Amino acid sequence: MPLYDNHTIKIYNTLSGEKEVFEPITNGHIGMYVCGPTVYSNVHLGNVRTFMSFDMIFRYFKHLGYKIRYVRNITDAGHLENDDDVGEDKITKKARLEAIEPMEIVQRYTVDFHNVLNTFNFLPPSIEPTATGHIIEQIELIQNIIDNGFAYNVNGSVYFDVHKYNESNDYGILSKRKLEDLIHNTRALDGQSDKKNPQDFALWKKAEPTHIMRWPSPWSDGFPGWHLECTAMSTKYLGDYFDIHGGGMDLKFPHHECEIAQNQAAKGQDPVKYWMHANMLELNGARMSKSSGNYINPAELLSGDNDIMSKAYNPSVIRFFMMQASYKSVLDLTDDGLKAAEKGFNRLMDAIGLIDKLKPSAATSSFHVSDWKQKCYDAMNDDFNTPILIAVLFDAAKFINQIKDGSATLSQHDLELLKETIEAFTFDVLGLVDTAKENTGIDKLSGAVDILINLRKEARLNKDFALSDKIRDELIAAGIQLQDGKDGTTFTTN
RNA sequence: GGUGUCUUGGCCGAGUGGCUAGGCAAAGGUCUGCAAAACCUUGUACAGCGGUUCGAAUCCGCUAGACACCUCCA
């Protein structure tokens, strides 16, 4: 019997605004689509948080034994600059500034994106489709929407008729907006527009002669509107009705609202059963933006090469920091927060590292491991509550330290269960990496440090504390912390 | 201006009608040559005002503040 049969997961569905019991459309199988990055610059750290939230969700579903297809696209066709843009998209603009080919930009930043995600120990999605690889599908979709009367062609550009759509559907169902409010709040834009109404959005834009990225279509040589690719790729790979669609909170409107409208207009249904939105990442209490200077990119955060943080942080520390907050909450990235996370993370890793050295101490345990295990699942089943999970993991860390100190007992069976469970949740589900084990030279290092430990022991026996403290302090300076216990001295490398 | 979310102890951050979140920092203790690490103990917080209730941080209203979206943005 698969593990998922024993668990009921609740997911906060943005569409209903409530936590709902998760029931896959097809038993044992899950289809999940997440809007990926636009690869015209280095990946945004906030983007990393969003994808990390869904990576955790992906990992938990896999842990439960689901067969899950996770699709995350690469937007390589660029979005329109704005509705009145005459046809130059972001990627083209950047390419011109840097005097290289658009696809060269795409390649460079796609590689950067994958490198960053690998550094943070992301699992690769099942499929990572590109917008430019699905132009035909997008053209077909536009034709469907035109045939159904919800789009119109003006001078080679095709627009979605929001007002017509809203007569028979609810435009604003996801973002809880009313079309009337949108109308009142749309300021009049300068310049001539082909659109019937300002709320209408482009499905296909005719390319200007200078525009490099262009494809032939029944309406003009041009390129697809920016909401269309996700509609085309999600339903192509996951079907006309799939389980989960995720993305950043800022995509809720207009992007996801438009996706629903496009699907309704083309196929008569919203293909998504559960809409999930990950919240924003702030930096020192304010929104991150390059223009304000309140900005740090992932590489700078990892290398310490920046003016914002006091030091470099291990990717697992950053991951731990992010997992300590709910994916639904705004999270504020600060140096103090990362420092606190680093200490907590190291404490957890130290405890997990101790498990292999523990010996079963009694036939009965003073810690209810199976109850504790259930708490881990309860936390995750409650809309992927990783902060609670981490709190529960710390309960185990405390207990492990107590066994080491001899103030708690654990049976052989429970010891194995504890090890298996804490490692599954820490490494498989949360995706953290044990930095000590990661250090491949650990065995040789261990031999060398043992020599120093013995020298220090001799010095202490001879009351040569100047020498013993020198050994201890210089090892600390080298990143090696000695730990004196009842059964001798051990060390950690954090 | 509109829509939505939020305001929790020194800091971060869960919880959401009665039951210890957790981490970091802090204080006291155990251990130690002194430390560190670990363990034990301590802290009694929910923006303000009013209301509902036997009981509210949790529900409702108002006020103040923050953030997001409405315009490219994860």
Side-chain angles (χ1 to χ4, degrees), chain A residues 14 17 34-38 40-41 43-51 53 78-85 89-90 172 175-178 180-187 189 199 226 246-255 257 277-282 285-291 320-321 324-326 328-334 336-348 350-351 354 379 382 385-395 397-398 400-402 404-408 460-461 463-465 468-469 472-473 476 481-486 489-492:
Chain A
T14 319
V34 173
C35 294
T38 302
Y40 66 86
S41 66
V43 61
H44 193 286
L45 193 60
N47 221 164
V48 171
R49 185 195 179 199
T50 298
F51 299 144
S53 297
H79 296 167
L80 299 180
E81 288 283 15
N82 60 55
D83 283 340
D84 276 353
D85 191 289
D89 70 34
K90 275 190 171 175
S175 54
K176 312 287 189 282
R177 281 161 217 267
K178 291 189 172 69
E180 303 85 76
D181 294 335
L182 290 170
I183 292 167
H184 291 141
N185 294 311
T186 305
R187 55 177 183 205
L189 294 161
Q199 293 76 36
W226 75 284
M249 195 72 90
D250 54 339
L251 293 183
K252 193 155 66 168
F253 188 89
H255 184 57
E257 196 71 62
H277 289 93
N279 218 324
M280 303 290 108
L281 182 70
E282 295 185 349
R287 167 191 179 70
M288 256 191 257
S289 71
K290 282 181 187 170
S291 53
F320 182 80
F321 172 77
Q324 273 192 306
S326 160
K328 290 200 299 289
S329 298
V330 174
L331 176 63
D332 189 19
L333 185 74
T334 63
D336 285 347
L338 285 171
K339 276 185 191 162
E342 184 174 54
K343 290 200 174 187
F345 172 74
N346 287 337
R347 197 160 91 81
L348 184 62
D350 288 348
L354 272 176
D382 183 16
N385 196 327
T386 51
I388 294 290
L389 172 64
I390 289 173
V392 175
L393 293 178
F394 272 109
D395 288 344
K398 190 175 195 174
I400 290 165
N401 284 320
Q402 285 172 348
K404 182 197 167 201
D405 283 4
S407 61
R460 292 173 74 196
L461 286 171
K463 307 262 188 230
D464 184 357
F465 297 124
S468 67
D469 288 357
R472 181 181 70 197
D473 295 342
I476 287 173
Q481 172 73 59
L482 297 186
Q483 295 178 327
D484 293 330
K486 282 173 185 160
T489 303
T490 56
F491 73 95
T492 58

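Just so it is clear: chains get the letters A, B, ... in the order the sequence lines come, proteins before strands, and each one is counted from 1. Computed from a predicted structure; not experimentally measured.
Contact check, A/Asn401 against B/C39: a side-chain N or O comes under 4.0 Å of OP1 or OP2. For A/Gln483, no side-chain nitrogen or oxygen approaches OP1 or OP2 of B/A35 to under 4.0 Å. The side chain of A/Lys343 places an N or O atom within less than 4.0 Å of a non-bridging phosphate oxygen (OP1 or OP2) of B/A25. Taking only side-chain nitrogens and oxygens, A/Lys176 never comes nearer than 4.0 Å to OP1 or OP2 of B/U5. Within the 4.0 Å cut-off from OP1 or OP2 of B/G15, at least one side-chain nitrogen or oxygen of A/Asn385 is found. Contact check, A/Ser329 against B/A14: a side-chain N or O comes under 4.0 Å of OP1 or OP2.
Regarding A/Gln324, its CD atom lies at a distance of 14 Å from the P atom of B/G15, rounded to whole Å. A straight line from CG of A/Leu331 to P of B/U7 spans 14 Å, rounded to a whole angstrom. Here B/A74 presents its P atom at 17 Å from CZ of A/Phe253, a figure rounded to the nearest Å. The distance between atom CZ of A/Phe345 and atom C1' of B/C12, rounded to the nearest whole Å, is 18 Å. Taking atom NE2 on A/His255 and atom C1' on B/A68, their separation rounds to 17 Å, with Å as the unit. What separates CZ of A/Phe465 from P of B/G33 is a distance of 7 Å, to the nearest Å. Going from atom CD1 of A/Ile388 over to atom P of B/A14 covers 9 Å, rounded to whole Å.
A/Arg347 contributes no side-chain N or O that forms a donor-acceptor pair with the base of B/C24 under 3.5 Å. For A/Asp469 and B/G33, a side-chain-to-base donor-acceptor distance below 3.5 Å is present, hydrogens and geometry of angles not being considered. A donor and an acceptor atom never sit less than 3.5 Å apart when one is taken from the side chain of A/Asn279 and the other from the base of B/A68. Donor-acceptor pairing under 3.5 Å, judged by distance alone, is absent between the side chain of A/Arg49 and the base of B/A74.
Here A/Gly337 lies out of heavy-atom contact (under 4.0 Å) with every strand. A/Leu45 comes within 4.0 angstrom of nothing in the nucleic acid, heavy atoms only. Among the protein residues, A/Glu282 comes within range of the sugar-phosphate backbone only, with heavy atoms under 4.0 Å from sugar or phosphate atoms but none that close to a base. Within 4.0 Å of A/Lys252, counting heavy atoms only, lies no atom of the nucleic acid at all.
Every residue two or more places apart in sequence or in another chain that forms a ring pair (Phe, Tyr, Trp, His ring centres under 6.0 Å) with A/Phe51 is listed here: A/Phe113.
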Dot-bracket for RNA chain B, 5' to 3', counting Watson-Crick or G-U wobble pairs under 3.5 Å, with [ ] for crossing pairs and | for inter-strand pairs?
-> (((((((..(((.....[...))).(((((.......)))))....(((((..]....))))))))))))....

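A donor atom on one side chain and an acceptor atom on the other are found under 3.5 Å apart for A/Glu257 and A/Ser175.
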